[in-house]
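A short worksheet on the structure shown next.
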Amino acid sequence: QVQLVESGGGLVQAGGSLRLSCAASGRTFSRYAMGWFRQAPGKEREFVEAINWSGGSSYYADSVKGRFTISRDNAKNTVYLQMNSLKPDDTAVYYCAASATSSGIYHDARPRTRSTEYDYWGQGTQVTVSS
């Protein structure tokens, strides 16, 4: 069992930055691929970015290209999402997720972007970007 706790959300003006953190319990964190998803009001949960077990490979959604960066520190059991140049459209609840079944972010050459491919979820942290 893995427990995930996100932090770092808040209110920021457009163009600003935030860094989200996701602290994981358990000794097997370094085996899991990790992902960030977000859900805006009235919309479906959408993939943001994922990182493999070592931090050596990542994949991101086109909507955050060049602005968001995922990273992890396995010694601290923590994954991060650095968000720069924030836009009002980035407003959402952000969730981190862990894939207990895979340490990589690809399956049959396809990136793991589906929420069903992740087994554990945090409670989410709100990010609000004002214009």
Check against side-chain contact (heavy atoms from CB on, under 4.5 Å), Arg72 and Thr78: CA-CA 6 Å; Arg72 67 190 296 162; Thr78 303; over 6 Å; no
If hydrophobic clusters are built from ILVMFWY residues whose side chains come within less than 4.5 Å, do [X] and [Y] share one?
X	Y	answer
Val93	Tyr118	yes
Ile70	Val2	yes
Tyr59	Val79	no

Interatomic spacing from [atom1] in [X] to [atom2] in [Y] - rounded to 0.5 Å:
X	Y	atom1	atom2	result
Tyr32	Ser99	OH	OG	9.5 Å
Leu81	Glu49	CG	CD	6.0 Å
Glu46	Ser63	CD	OG	5.5 Å
Trp36	Ser58	CH2	OG	14.5 Å
Gln126	Glu6	CD	CD	12.0 Å
Tyr106	Asn52	OH	CG	9.5 Å

Trp121 and Phe37 aromatic centres sub-6.0 Å: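 Yes, the ring centres sit under 6.0 Å apart.
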Within 6.0 angstrom of Tyr60 OH, more than 12 heavy atoms from elsewhere: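 Open.
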Within 6.0 angstrom of Gln82 CD, more than 12 heavy atoms from elsewhere: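 For Gln82, atom CD is crowded (more than 12 foreign heavy atoms under 6.0 Å).
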Pairwise side-chain contact, Arg110 with Arg114, heavy-atom cut-off 4.5 Å (strictly under):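 They are in side-chain contact.
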Any side-chain heavy-atom pair of Trp53 and Met34 under 4.5 Å: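 Side-chain contact under 4.5 Å: no.
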Among Arg31, Arg112, Glu117, the one residue meeting side chain to side chain donor-acceptor pair (under 3.5 Å) with Ser102: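 Exactly one pass, corresponding to Arg112.
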Minimum-distance pair of heavy atoms, taken over all atoms of [X] and [Y]:
X	Y	answer
Leu4	Ala98	CD1-N, 3.8 Å
Val64	Val48	CG2-O, 3.7 Å
Phe29	Asn74	CE2-OD1, 3.2 Å
Ser57	Ile105	OG-CD1, 3.5 Å

Under 3.5 Å, which donor-acceptor pairs link side chains of residues 13-24 to any protein atom two or more places apart or in another chain?
{"unit_1": "Ser17", "atom_1": "OG", "unit_2": "Asn84", "atom_2": "OD1", "d": "2.9"}

side-chain hydrogen bond (donor to acceptor under 3.5 Å, both in side chains) partners of residues 88-98, not counting sequence neighbours, each pair once: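 Found Arg38-Asp90, Arg38-Tyr94, Arg67-Asp90.
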Main-chain N/O of Ser25 paired with Asn77 side-chain donor or acceptor, under 3.5 Å: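 No, because the side chain of Asn77 does not come within donor-acceptor range (under 3.5 Å) of the backbone of Ser25.
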